[in-house]
Protein chains: 2
Amino acid sequence: MKSSSNSDWMKGSLDLMVLSVLAGGSKYGYLLQQELQQASGGLVELQAGTMYPLLHRLESEEWIRSRWDETTGRRRKWYELTDAGRNRLTQQAREWQSYADCIRALLARVIDPVPRPA
Amino acid sequence: MKSSSNSDWMKGSLDLMVLSVLAGGSKYGYLLQQELQQASGGLVELQAGTMYPLLHRLESEEWIRSRWDETTGRRRKWYELTDAGRNRLTQQAREWQSYADCIRALLARVIDPVPRPA
DNA sequence: CTTCGACATATCGCCAGTCTATATATTGAC
DNA sequence: GTCAATATATAGACTGGCGATATGTCGAAG
């Protein structure tokens, strides 16, 4: 069976999405989760068990950095983009668009097969 | 390190791409590989070790069906879409475009952050 | 005639990454 | 006092893509 809450499309795009949302300002995990869900019109539901390891990885790769806020009882770990992360984001955004265009072209053929060049 | 020949974007889109190419007519694996590479302007290099298992899976799920051509010494296994596969393709194409639009919107924010609604 | 590179399919084992489930703790509402 | 929402984290299972490897045909070059 396949299932999985989202529909597998963004399997390779989660990094990009997370970096994008963080580009809008510092966030802690739970908040990022909410905002991503909102921003995607409910399409993307980043699971906690996916997100936290992902954030840890992004941090270990130094695309983002974190700071605990322990001033309240509810411990929150705030993440922000590093400079490297910001560059990474623009880089990846460019790449992603190439691939998206490429798939779009592929799909266009399906819908509207080339009418054989005169 | 990340590496991987393509850039991980299409991790979840390979099914879609293969079905798309097959929508253009029957192909055997090797040919499909070439055509996909061409059609993508060299962007997508579907590896043999990825493709054959993928084709087997798609066949077991009955989105495609195969026939050996053994009339020549070079054995070729021709694949074509089933009716279900064709439906699957249009279905997935629709879904993919939703997700692509969603990411595009996310990226647009990055490039052009909302100027605070008057 | 042999050898080399392109053609053609297949499988195995590795590994990265996602999900489910689970754990833990705080807080506000009822 | 209990429950749901907030908040983070990890372990284990599973999937899927990739590199390596195997097997064999075929045509061209030498």
Side-chain angles (χ1 to χ4, degrees), chain A residues 1-19 26-38 43-61 63-64 66-79 92 99, chain B residues 1-19 26-38 40 43-61 63-79 92 99:
Chain A
M1 293 306 122
K2 309 220 61 173
S3 80
S4 94
S5 28
N6 305 313
S7 263
D8 294 318
W9 298 116
M10 69 289 281
K11 281 276 166 80
S13 315
L14 286 180
D15 286 26
L16 179 62
M17 287 196 260
V18 167
L19 294 179
S26 293
K27 310 263 184 292
Y28 55 94
Y30 190 84
L31 179 57
L32 182 136
Q33 201 179 24
Q34 310 281 84
E35 289 201 9
L36 184 53
Q37 185 168 0
Q38 275 210 322
L43 224 50
V44 182
E45 284 180 61
L46 186 51
Q47 301 303 308
T50 301
M51 181 183 60
Y52 291 110
L54 170 55
L55 287 170
H56 299 332
R57 180 170 54 78
L58 289 177
E59 184 170 25
S60 83
E61 292 166 348
W63 309 122
I64 62 179
S66 69
R67 231 170 35 250
W68 278 104
D69 173 11
E70 316 228 30
T71 61
T72 67
R74 283 224 234 269
R75 300 156 66 251
R76 285 169 178 161
K77 201 174 187 175
W78 290 81
Y79 288 96
Q92 294 222 322
Y99 279 101
Chain B
M1 294 304 126
K2 308 223 60 174
S3 78
S4 94
S5 26
N6 306 313
S7 263
D8 296 316
W9 298 117
M10 71 288 282
K11 280 277 165 81
S13 316
L14 286 181
D15 286 25
L16 179 61
M17 288 197 259
V18 166
L19 293 180
S26 294
K27 311 262 184 289
Y28 55 94
Y30 191 84
L31 180 57
L32 182 137
Q33 200 179 24
Q34 312 279 87
E35 290 200 9
L36 184 53
Q37 184 167 1
Q38 276 210 319
S40 70
L43 225 50
V44 182
E45 284 180 61
L46 186 52
Q47 302 303 308
T50 300
M51 181 182 59
Y52 291 110
L54 171 55
L55 287 171
H56 299 332
R57 180 171 54 77
L58 289 177
E59 185 170 23
S60 82
E61 292 166 346
W63 310 123
I64 62 179
R65 114 185 96 238
S66 71
R67 232 171 31 252
W68 279 104
D69 173 11
E70 317 228 30
T71 60
T72 67
R74 285 223 236 266
R75 301 158 65 252
R76 285 168 178 163
K77 202 175 186 173
W78 291 80
Y79 288 96
Q92 295 222 316
Y99 280 101

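Just so you know, these numbers use all the heavy atoms, side chains as well, and skip hydrogens, waters and symmetry mates. Lettering of chains follows the sequences in order, A, B, ..., and the numbering in each one begins at 1.
Distance, A:Met10 CE to D:dT15 P: 19 Å, rounded to whole Å. In this entry the distance linking CD of A:Gln34 with C1' of D:dT8 reads 14 Å, nearest Å. The nearest whole Å value for the distance from the CZ atom in A:Arg57 to the P atom in C:dA16 is 10 Å. Between the P atom of C:dC7 and the CG atom of B:Leu32 lies a distance of 15 Å, rounded to the nearest Å. Rounded to an integer number of Å, the gap from A:Arg74 CZ to D:dA9 C1' is 16 Å. The interatomic distance linking B:Tyr52 (OH) with D:dA20 (P) rounds to 18 Å, in whole Å. Rounded to whole angstrom, the span from the CD atom of B:Glu70 across to the P atom of D:dC26 amounts to 12 Å. Per the geometry, CH2 belonging to A:Trp9 stands 16 Å off P belonging to C:dT18, to the nearest Å.
The residue among B:Trp78 and A:Pro53 whose nearest nucleotide of DNA chain C is located toward the 5' end is B:Trp78.
Taking 4.0 Å as the cut-off between side-chain N and carboxylate O, B:Arg65 and B:Glu59 do not count as a salt-bridged pair. Between B:Arg57 and B:Asp15 there is a salt bridge, since a side-chain N of the basic residue sits under 4.0 Å from a carboxylate O of the acidic one.
Side-chain contact between B:Ile64 and B:Val18: absent, with no pair of heavy atoms (C-beta onward) separated by less than 4.5 Å.
Comparing atom distances between the A:Leu14 side chain and each of D:dT8, C:dT9, C:dT18 picks out C:dT18 as nearest.
Note on A:Trp68: only backbone sugar-phosphate atoms sit closer than 4.0 angstrom, heavy atoms only; bases stay farther off. Among the heavy atoms of the strands lying under 4.0 Å from B:Gly73 are primed sugar atoms or P, OP1, OP2 only; no base atom is included. Residue contacts shown for A:Arg75 are limited to sugar-phosphate atoms, with no base heavy atom under 4.0 Å away.
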Assess the residue pair B:Trp68 and B:Glu70 against the criterion (side-chain hydrogen bond (donor to acceptor under 3.5 Å, both in side chains)); give the C-alpha distance rounded to whole Å, side-chain angles, the decisive distance to 0.1 Å, and a yes or no. CA-CA 6 Å; B:Trp68 279 104; B:Glu70 317 228 30; 5.2 Å; no

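Within 6.0 Å of the CD atom in B:Gln38, the count of heavy atoms belonging to other residues, nucleotides or ligands does not exceed 12.
Close to C:dT18, at under 4.0 Å from its OP1 or OP2, lies no side-chain N or O of A:Gln47. In terms of phosphate contacts, B:His56 brings a side-chain nitrogen or oxygen within less than 4.0 Å of OP1 or OP2 of C:dT11. OP1 or OP2 of C:dA16 has not a single side-chain nitrogen or oxygen of B:Lys11 nearer than 4.0 Å.
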